[in-house]
Amino acid sequence: MKFSKIVLATGRRWLAVVLALITVVTLGGCNPSNFKTEAAQVPYIVDASLSDPNSFNYIISQGSPDVLGLVYEGLLSQNGLTGELEPALAESWVIAPDKQRIVFTLREGLKWSDGAPLTTDDVIFTYQDIFFNEEIPTDIRDILRIGKNGLLPKVRKIDDRRVEFTVPEPFAPFLRYTGGLAILPAHALRESVITKDSAGKPKFLSTWNTDTDPKQIIGNGPYTLESYTPSQQIVLRRNPYYWERDAQGNAKPYIERYVWKIVESTDTQLLQFRSGGLDAFGVSPDYFSLLKQEEKRGNFTVYIGGPEMSTTFLVFNLNQAKDANNKPLVDPIKSRWFNNKAFRQAIAHAIDRQKMINNVYRGVGEPQNSPIYKQSAYYLSPEAGLKVYDYNIKRAKELLLGAGFKYNAQGQLLDSEGNQVRFTMLTNAGNKLREAIGSQIKQDLSQIGIQVDFTAIAFNSLLEQIDRRQWESYIGKIGGGGVEPNGGANTWLTKGGLHAFNLGPQESQPPITGWTVSDWERQIEELYIKGAGELDEAKRKAIYAESQRITQENLPFIYLVNPLTIAAIRNRLQGIKFSALGGALWNLTELKIIE
């Protein structure tokens with residue numbers, strides 16, 4: 001399973017498969033002086049991530065750092081300030097009056113990073129042979145499916161520069177999705193799609209892993225992979241065949257090298273940034289005051305945007321299926337707790353989110369109640385009728401007692417059969433903010449008699465546990481989604497790859513039996529399908545408002561706090577246009593280094 005988020009992000013890979021579930025990709029790195037030993041110094045950025053990538057295959061990759069966002073791009077891009085669609089590989093597009101046909105015209109003379117021509121054959125290959133190929137597991141198909149029958153768009157080559165997409169019925173995000181997905185090289189990957197391995201699966205699934213020589217990875221974005229040293233760094237170089245040029249005809253991007261350092265602790269990244277050796281750092285709220293005081297001395301600027309376009313949550317495993325050995329994925333006793341709506345609502349009331357804002361987020365945040373971001377026109381506010389769960393221990397206990405739970409003499413919560421309510425809660429190690437959230441939730445739930453065994457584990461280990469569906473609860477983060485609600489379709493379609501709380505059968509995975517879907521899950525799915533097919537904006541807003549009401553009533557995710565978007569950027573990096581939508585580096589190809 002690809003545990004990822006289909007993201008309407010900005011920048012080079014504005015509609016991408018990005019993992020923001022557990023780890024926020026921070027901006028940081030190590031001392032750039034390490035790179036000054038080269039005979040010819042070139043402009044560079046040093047950035048950082050909490051973990052290594054797990055693949056260099058665009059479809060397979062599900063981890064951070066998202067270096068492939070710099071290696072690939074699609075037909076269109078999105079302006080990080082306005083959200084408007086802009087030309088990328090396609091120089092123009094024409095939409096039919098019925099809005100069910102789009103013709104894109106590619107730029108003339110496009111090339112891949114190895115110098116091979118990039119034509120509409122690559123667009124056709126990417127969609128028909130990869131995105132639409134049922135033998136290749138990808139969440140991308142979730143957001144491209146249209147209507148109740150889940151039909152996919154049709155794509156047709158007109159000539160080497162023009163390609164046509166059509167849909168069988170109205171599809172509101174049609175332009176964003178056909179234009180935003182990365183285009184992959186047919187000449188380099190077609191054979192791997194056609195050829196099967198010993199298990200009968202396309203060799204594509206094992207192509208371009210992290211043990212591949214990075215120089216063999218062929219892209220079309222502003223950068224190409226140059227080298228990768230596990231647990232240390234990834235180095236990217238400017239793509240000599242990238243299409244973009246400035247008004248004077250100079251090649252973009254201006255910055256020659258981009259270095260991702262693997263720094264597995266946000267505290268360590270902070271120390272490195274403060275020492276003067278880093279170019280950028282994604283500022284969590286607990287670091288904000290300190291860095292704001294040091295702007296002048298450190299020769300950097302702290303940029304503040306609006307609320308993060310992400311959701312941070314506590315989620316329980318509601319899956320009632322059994323694995324291939326007929327063993328329940330979740331302990332049946334605990335599964336009964338987790339699948340009890342009153343239990344989840346009690347948990348929501350027992351978490352003191354204002355304390356979390358004050359202590360963990362240092363006041364730089366606000367309660368979060370919806371999977372749709374505040375920047376979206378489809379967001380339903382509490383004032384407009386969205387249900388919220390204020391901190392209320394009394395109400396939490398009332399809900400539990402009303403659902404058949406009880407307390408013993410020691411104040412421990414027991415279920416109706418006398419079992420003590422105790423479960424594990426996971427998050428990824430190295431993220432100081434996430435670990436602090438977990439510690440508070442553990443303490444908060446102890447106030448209603450629940451014992452939580454909280455553990456922070458390695459990022460990739462956490463992904464593996466989630467992938468096997470053998471977890472009880474975890475604290476996660478899903479980022480991206482964008483202002484288009486259908487960006488979250490792979491979360492809310494019942495068979496979507498991000499339907500984490502009740503993950504159904506997935507392609508290329510061992511079978512599970514007895515998987516069931518609740519009525520409210522199906523209601524949300526139907527609303528997302530209906531919303532994607534509705535072109536009337538007022539009606540779309542009403543549809544997504546209802547989906548948010550159902551979500552908050554049933555709490556598949558217990559949303560926590562939404563912080564402001566903050567980044568500290570060295571002043572040597574010129575041209576920053578910071579926003580919550582685009583972040584710090586959405587216009588990377590325009591940035592320059594001023595020493």
Q. Just by distance, with hydrogens left out, do Ser284 and Asp286 show a side-chain donor and acceptor under 3.5 Å apart?
A. yes
Q.
Between Thr212 and Asn209 (side chain of the first, backbone of the second, donor and acceptor by atom type, cut-off under 3.5 Å), is there such a pair?
A. yes
Q) His499 side chain to Asn490 main-chain N or O, any donor-acceptor pair under 3.5 Å? A) no
Q. Is the backbone N or O of Ile333 less than 3.5 Å from a side-chain atom of Asp331, with the two atoms forming a donor-acceptor pair by type?
A. yes
(Q) Quiz question: by atom type and distance under 3.5 Å, do the side chains of Tyr228 and Asp52 form a donor-acceptor pair? (A) yes
Q) Given side chains that start at C-beta, do those of Leu493 and Ile529 come closer than 4.5 Å, heavy atoms only? A) yes
Q: Of all the heavy-atom pairs spanning Asn562 and Pro307, show the shortest one and how long it is.
A: OD1-CB, 3.1 Å
Q.
If I compare all heavy atoms of Pro153 with all of Val167, which pair ends up nearest, and what's the gap?
A. CB-CG1, 4.1 Å
Q.
Measuring only between side-chain heavy atoms, which start at C-beta, is Leu386 closer than 4.5 Å to Ser381?
A. no
Q | Residues Gln506, Arg469; criterion side-chain contact (heavy atoms from CB on, under 4.5 Å); working and verdict | A | CA-CA 11 Å; Gln506 299 289 299; Arg469 304 174 182 82; 3.6 Å; yes
Q.
Measuring only between side-chain heavy atoms, which start at C-beta, is Leu413 closer than 4.5 Å to Tyr407?
A. yes
**Q.** Asp467 and Gln509 side chains, donor-acceptor separation under 3.5 Å
**A.** yes
Q.
Can a donor-acceptor pair be found, under 3.5 Å and without considering hydrogens, that links the side chain of Asn149 to the backbone of Leu151?
A. no
Q: Indicate yes or no for a side-chain donor-acceptor contact from Gln412 to the backbone of Gln420 under 3.5 Å, with no hydrogens or angles considered.
A: no
Q: First locate atom OG of Ser461, then atom CG of Leu426, and finally report the distance between them rounded to the nearest 0.5 Å.
A: 10.5 Å
**Q.** Rounded distance [0.5 Å steps], CZ in Phe131 versus CD1 in Ile140
**A.** 4.0 Å
Q: Determine whether the side chains of Arg540 and Asn486 contain a donor N or O and an acceptor N or O closer than 3.5 Å.
A: no
Q: Over 60° means perpendicular and under 30° means parallel, so classify the ring planes of Phe338 and Phe343, tilted if in between.
A: tilted
Q.
Below 30° counts as parallel, above 60° as perpendicular, anything between as tilted: where do the rings of Phe171 and Phe174 land?
A. tilted
Q) Do Ile146 and Pro168 come within less than 4.5 Å of each other through their side chains, counting heavy atoms only? A) yes
Q. Checking Gln128 side chain against Val155 main chain: does a donor-acceptor pair fall under 3.5 Å?
A. yes
Q) Under a 4.5 Å cut-off applied to non-hydrogen side-chain atoms, are Trp208 and Leu225 in contact? A) no
Q.
Can you see whether Arg176 engages Gln78 through a side-chain donor-acceptor pair at a distance of less than 3.5 angstrom?
A. yes
(Q) Distance check, rounded to the nearest 0.5 Å: Tyr389 atom OH versus Arg344 atom CZ? (A) 9.0 Å
Q) Taking everything shown except Lys148 itself, do over 12 heavy atoms lie less than 6.0 Å from its NZ? A) no
Q. Hey, which of Phe557, Trp471, Tyr474, Phe316 is the one that makes ring-ring contact (aromatic ring centres under 6.0 Å, His included) with Phe501?
A. Phe557
Q: Using modelled atom types only, decide if a donor and an acceptor are shared between the side chain of Ser335 and the backbone of Pro332 within a distance under 3.5 Å.
A: no
Q | Between CG on residue Asn392 and CD1 on residue Ile351, distance to nearest 0.5 Å | A | 13.5 Å
Q) Could you go step by step and tell me if Asp129 and Phe204 meet the side-chain contact (heavy atoms from CB on, under 4.5 Å) rule? A) CA-CA 11 Å; Asp129 293 57; Phe204 174 83; over 6 Å; no
Q.
Please give me the minimum heavy-atom distance between Thr210 and Ser55, naming the atom from each residue.
A. CG2-N, 3.5 Å
Q) Of the options Glu553, Gln552, Gln548, which is the one that meets Lys387 in a side chain to side chain donor-acceptor pair (under 3.5 Å)? A) Glu553
Q: Give a yes or no answer on whether the side chain of Asp352 reaches the backbone of Asp444 with a donor-acceptor pair at less than 3.5 Å.
A: no
Q.
If you count heavy atoms of other groups shown closer than 6.0 angstrom to CG of Asp519, is the number above 12?
A. no
Q: Go through the side-chain N and O atoms of Asn502 and Glu521 and say whether any donor and acceptor fall under 3.5 Å apart.
A: yes
(Q) If you compare all heavy atoms of Pro173 against all heavy atoms of Ala532, which two are closest, and at what distance to 0.1 Å? (A) CD-O, 3.7 Å
(Q) Please find the pair of heavy atoms, one from Gly497 and one from Asp142, that lie closest to each other, and give the distance. (A) N-OD2, 3.0 Å
Q) So, the side chain of Tyr127 versus the backbone of Ile183: is there a donor-acceptor pair under 3.5 Å, distance only? A) no
Q) Are Lys530 and Glu534 side-chain neighbours, meaning at least one heavy-atom pair lies under 4.5 Å? A) no
Q. Have Thr494 and Glu525 got a donor and an acceptor in their side chains that come within less than 3.5 Å?
A. yes
Q. Does a sphere of radius 6.0 Å around NZ in Lys203 hold more than 12 heavy atoms from other residues, nucleotides or ligands, not counting ones at 6.0 Å or beyond?
A. no
Q. If you measure from the Lys or Arg side-chain nitrogens to the Asp or Glu carboxylate oxygens, is any gap between Arg145 and Glu134 under 4.0 Å?
A. yes
Q: Report the C-alpha separation of Lys442 and Glu435 in whole Å, then their side-chain angles, then the decisive distance to 0.1 Å, and conclude whether the salt bridge (charged side-chain N to carboxylate O under 4.0 Å, His left out) test is met.
A: CA-CA 11 Å; Lys442 175 183 172 72; Glu435 292 177 2; over 6 Å; no
Q: Give the minimum heavy-atom separation between Ala342 and Asn340, together with the two atoms involved.
A: N-OD1, 2.9 Å
**Q.** Test side-chain contact (heavy atoms from CB on, under 4.5 Å) applied to Ile441 and Val452, Ile475, Thr427, the passing residue
**A.** Ile475
Q) Do Asn319 side-chain atoms and Leu503 backbone N/O form a donor-acceptor pair below 3.5 Å? A) yes
